[in-house]
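Okay, structure first, notes after.
Whatever order the structure lists them in is the order used to number ligands and atoms, beginning at 1.
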Amino acid sequence: MQKKKYCLKYLFLLIICALIATASFAASSSTNFEIPHQVVDSGGTTAASANYEVLGKARDKAVDTPFSALYKIWEGFLNGVIFRDWNPPARIDDLAATTGVREGEVDLTWTAVGDDGHAGRATRYIVKYSNTPITTRAEFDAATTYVQTWTPETSGSTESKVLTGLDPGEYLYFAIIAVDESGLEGDVSNSPAAVVQIAIDDPVKIVGRIEHEPKIYDPKGGTSNLTLDYVLNRDAYVSLIIFKKSGDLIYKRNFAAGTEGGRLGMNSVVWSGISDFRQIAANGVYVYHIILTEGGQVKSLGRGKFVVFR
Ligand SMILES: [Ca+2]
């Protein structure tokens with residue numbers, strides 16, 4: 001008789017414990033999720049919606065009740081169901097970088113993406129910069145982090161941010177990844193570059209080196225071009241001059257401040273191999289200079305050599 005009484009006591013305790021366990025689940029799943037009804041397989045183990053995968057078992061038959069075209073699942077309806085977000089934010093593909101207004105600044109703009117692709121709102125951004133283009137995840141990870149605590153705008157909104165404290169005069173490439181609330185990361189954005197704003201009185205200079213292609217140039221009767229790429233740290237009136245190695249000037253072009261050849265940032269200028277005397281350049285070694293004409297002074301900002309061989 002005494003034994004039976006104890007058994008009943010334990011049974012009663014077990015029932016109480018089970019009730020507490022169910023109640024504590026209800027409290028921990030108060031967030032509402034909307035998922036297409038067909039994804040919920042009552043009593044099943046796993047199903048997927050556009051953005052959420054349902055893991056675990058649906059216990060309650062309430063999930064069979066449609067709510068418009070959706071199931072609205074809220075506390076008490078499901079037991080032991082875990083929603084796993086598998087959809088990361090979309091890739092930002094329109095990031096733009098321009099020289100900022102004040103020393104050490106660069107301005108970035110882009111269109112915000114969402115928590116799930118282009119839907120919703122991402123949770124945070126990872127912003128990186130580097131002296132070389134950031135085109136892969138490995139390059140992104142290796143680049144320098146720009147520390148910020150920006151809150152992303154809703155998908156589709158224009159983001160506009162000023163980066164400060166960068167090294168004036170540097171030519172930097174930027175990239176951004178959006179991260180959602182589950183910690184899923186989108187792909188690396190496009191990687192635009194800009195010159196970091198210099199101090200007001202910093203002199204004009206070419207940032208880095210002048211790149212020219214090809215190294216051995218065949219003018220092909222003026223149908224091919226020698227291309228020179230260089231980065232200026234501000235708008236300036238500059239000229240391209242080309243000499244024969246003997247010292248004879250054969251070509252000169254001026255580029256007004258703010259135009260291709262004389263503008264802040266990357267410039268790309270070409271020479272078709274025709275001299276100012278309307279002759280195709282003869283075989284030999286040539287020297288070019290990018291020169292600055294400012295306040296009556298003429299100064300070389302950079303130079304290089306190439307060979308004509310045709
Ligand atoms: Ca997501």
Side-chain angles (χ1 to χ4, degrees), residues 25-60 62-63 65-97 108-129 134-143 145-161 163 174-192:
F25 164 74
S28 65
S29 63
S30 57
T31 308
N32 289 351
F33 291 93
E34 283 190 10
I35 54 174
H37 64 91
Q38 66 269 26
V39 307
V40 177
D41 175 15
S42 182
T45 53
T46 179
S49 78
N51 300 314
Y52 292 94
E53 185 177 24
V54 183
L55 302 172
K57 286 197 173 188
R59 181 188 67 98
D60 196 305
V63 293
T65 308
F67 182 86
S68 298
L70 301 170
Y71 276 111
K72 201 157 193 170
I73 299 169
W74 59 92
E75 58 186 76
F77 269 36
L78 295 175
N79 191 0
V81 172
I82 300 159
F83 292 90
R84 189 175 73 186
D85 177 359
W86 57 265
N87 197 352
R91 172 178 182 263
I92 294 162
D93 59 7
D94 64 349
L95 181 62
L108 294 183
T109 60
W110 68 96
T111 305
V113 292
D115 177 304
D116 305 312
H118 287 284
R121 187 179 190 145
T123 301
R124 63 188 178 91
Y125 290 118
I126 305 172
V127 181
K128 298 270 189 152
Y129 62 91
I134 303 168
T135 56
T136 65
R137 181 63 206 228
E139 287 168 352
F140 186 85
D141 291 341
T145 300
Y146 180 80
V147 178
Q148 41 72 39
T149 54
W150 305 332
T151 301
E153 298 288 343
T154 309
S155 181
S157 307
T158 299
E159 298 272 23
S160 188
K161 300 290 181 189
L163 277 62
F174 298 85
I176 298 181
I177 277 178
V179 184
D180 71 14
E181 61 189 343
S182 309
L184 298 180
E185 299 179 353
D187 289 333
V188 178
S189 72
N190 60 313
S191 182

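Rounding to the nearest 10°, we obtain 100° for the angle at the Ca ion (ligand 1) between Asp115 OD1 and Asp180 OD2.
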*Stepwise salt bridge (charged side-chain N to carboxylate O under 4.0 Å, His left out) test for Arg137 and Glu185*: CA-CA 11 Å; Arg137 181 63 206 228; Glu185 299 179 353; 2.8 Å; yes
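Of all the N, O or S atoms in Asp116, the one closest to the Ca ion (ligand 1) is OD1.
Annotation: Trp110 is in aromatic contact with Tyr125 [ring centroid separation under 6.0 Å].
The backbone N or O of Ala119 lies less than 3.5 Å from no partner atom in the side chain of Asp116, so there is not a single donor-acceptor pair.
Thr111 and Asp94 are linked by a side-chain donor-acceptor pair at a separation below 3.5 angstrom, with hydrogens and angles left out of the test.
Because the distance cut-off is set at 3.0 Å, Ser182 fails to qualify as a neighbour of the Ca ion (ligand 1), as none of its N, O or S atoms comes that close.
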